[in-house]
Amino acid sequence: MAAPRSLALWNCCGRRWSRAMRGCQLLGLRSSWPGAPLSARLLSQEKRATETHFGFETVSEEEKGGKVYQVFESVAKKYDVMNDMMSLGIHRLWKDLLIWKMHPLPGTQLLDVAGGTGDIAFRFLNYVQSQHQRKQKRQLRAQQSLSWEEIAKEYQNEEDSLGGSHVMVCDINKEMLKVGKQKALAQGYRAGLAWVLGDAEELPFDDDKFDIYTIAFGIRNVTHIDQALQEAHRVLKPGGRFLCLEFSQVNNPLISRLYDLYSFQVIPVLGEVIAGDWKSYQYLVESIRRFPSQEEFKEMIEDAGFHKVTYESLTSD
Ligand SMILES: COc1cc(O)cc(C/C=C(\C)CC/C=C(\C)CC/C=C(\C)CC/C=C(\C)CC/C=C(\C)CC/C=C(\C)CC/C=C(\C)CC/C=C(\C)CC/C=C(\C)CCC=C(C)C)c1O
Ligand SMILES: C[S@@+](CC[C@H](N)C(=O)[O-])C[C@H]1O[C@@H](n2cnc3c(N)ncnc32)[C@H](O)[C@@H]1O
């Protein structure tokens with residue numbers, strides 16, 4: 001079994017010139033055993049190129065997307081409650097931390113990929129709104145001669161209350177987006193928010209469009225992670241930032257043992273009891289173990305053309 005996993009946050013910047021390097025990475029092909037007959041070599045190369053994993057299961061690349069789709073279609077309605085139960089609410093703090101690290105400036109255009117039920121988007125909107133209100137208050141205090149009507153007008157326009165910031169939630173799963181949109185409606189999020197059905201590997205956006213790209217607990221589910229990273233680089237403006245929240249490696253042996261116990265003995269049981277879905281939660285813990293280590297993933301991000309790549313382990317070293 002692969003090493004147990006912890007939680008980490010990767011943070012980096014994109015630069016236009018590095019796109020050329022990204023193309024070279026795509027050409028890299030691992031050669032097969034040199035002594036094998038040509039047909040066997042071709043066959044093994046073909047197999048390597050089309051096989052991947054879905055948790056601990058080996059599946060074809062064509063199959064994987066469909067299987068991942070079924071998982072999130074099945075868990076969508078119980079997704080939020082499951083996260084609170086499994087993490088005892090801690091996932092909320094991890095997501096808050098992502099926004100604090102992002103520290104968006106007024107006017108930020110954010111793309112949240114694999115955005116699911118909107119947790120990152122809603123936090124972003126809360127953050128930019130409170131930043132904008134603080135700024136407005138400071139300005140109003142500086143112009144104390146304004147009338148009450150003038151002050152009220154300053155707060156009236158919903159779009160203005162975000163200082164021009166905007167978030168686009170993009171996810172491949174209709175059911176996850178449906179739950180997200182219902183939540184947005186119920187919680188009163190309207191301005192500065194849009195929902196788009198799309199694949200991280202083939203984003204439906206022009207080049208150089210966004211200031212920040214986030215992906216929280218999403219990249220682990222993507223079939224070609226390198227392709228998704230290249231897409232992130234393509235849609236970011238030069239100097240734009242990529243932030244990723246994902247489970248990664250635990251190095252402390254004691255914590256790693258507890259982590260394994262909790263993952264394999266508790267999470268699928270919770271999945272069955274709360275969501276009536278053992279298999280999807282078995283996939284969750286298996287996919288976590290399949291995900292590259294912090295250093296390996298950092299290299300993959302660099303290969304996609306990003307620079308100044310850093311990461312932080314949030315639960316243990
Ligand atoms: C289908 O795919 C998915 C479905 C989803 O619903 C979500 C996702 C994506 C994931 C998220 C959005 C994040 C939220 C989900 C999780 C945190 C679940 C994943 C959990 C693990 C990989 C296990 C590791 C746990 C942590 C990193 C810490 C967070 C969890 C807790 C603090 C809860 C721990 C609970 C207790 C200590 C009390 C309950 C204890 C028992 C019932 C007895 C069993 C206890 C143990 C065997 C020891 C527990 C000790 C630990 C868990 C050690 C914690 C380790 C560290 C803090 C490093 C998705 O893709
Ligand atoms: C664990 S959820 C994360 C949702 C949200 N970011 C959060 O933090 O709660 C993973 C999401 O990734 C989405 N996903 C999986 N593969 C994807 C892909 N290729 N492109 C876009 N979204 C994808 C799933 O539909 C699901 O909504």
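When a ligand or atom number is given, it counts from 1 through the structure's own listing order.
In summary, E231 and R234 engage in a salt bridge, as defined by a charged side-chain N under 4.0 Å from a carboxylate O. Contact check on K78 versus D277 returns no salt bridge, with no Lys/Arg side-chain nitrogen under 4.0 Å from an Asp/Glu carboxylate oxygen. The pair D211-K237 meets the salt-bridge criterion, since a charged nitrogen lies less than 4.0 angstrom from a carboxylate oxygen.
Any N or O atom pair closer than 3.5 Å counts here, and C170 shares no such pair with ligand 2. In terms of polar-atom proximity, A114 is counted as a contact of ligand 2, with an N or O under 3.5 Å from an N or O of the ligand.
Nearest to atom 4 (C) of ligand 2 by heavy-atom distance, out of F217, Y79, F72, is Y79. Between atom 16 (N) of ligand 2 and the options I219, T214, I172, the minimum heavy-atom separation is to I172.
The salt bridge (charged side-chain N to carboxylate O under 4.0 Å, His left out) analysis of residues 121-134, with sequence neighbours excluded, yields the pairs D96-R123.
Taking 4.0 Å as the cut-off, D171 counts as a neighbour of ligand 2 on heavy-atom distance. Not a single heavy atom of H91 sits under 4.0 Å from any atom of ligand 2. Heavy-atom separations between G118 and ligand 2 are all 4.0 Å or longer.
Between F210 and F205, the two ring planes are perpendicular [angle over 60°; tilted spans 30° to 60°]. Between H233 and F306, the ring planes are perpendicular. Angles over 60° get that label, and only those under 30° would be called parallel. Ring pair Y283/F54 is parallel by interplanar angle, where below 30° counts as parallel and above 60° as perpendicular.
Of all the atoms in ligand 2, the ones that sit under 4.0 Å from a non-hydrogen atom of M176 are 27 (O). The ligand atoms of ligand 2 that sit less than 4.0 angstrom from a heavy atom of D199 are 18 (C), 19 (N), 20 (N). Taking every heavy atom of G198 and a limit of under 4.0 angstrom, the matching atoms of ligand 2 come to 20 (N), 21 (C). Counting the atoms of ligand 2 from 1 in the order shown, those under 4.0 Å from a heavy atom of K95 are 7 (C), 8 (O), 9 (O). Under a 4.0 Å criterion applied to the non-hydrogen atoms of G116, ligand 2 contributes the atoms 27 (O). Shown in contact with N221 at under 4.0 Å from a heavy atom are these atoms of ligand 2, numbered in order with element: 10 (C), 15 (C).
Rounded to the nearest 0.5 Å, atoms CZ (F247) and CG (L314) are 10.5 Å apart.
The local environment of CD in E73 is crowded, with over 12 non-hydrogen atoms from other residues, nucleotides or ligands closer than 6.0 Å.
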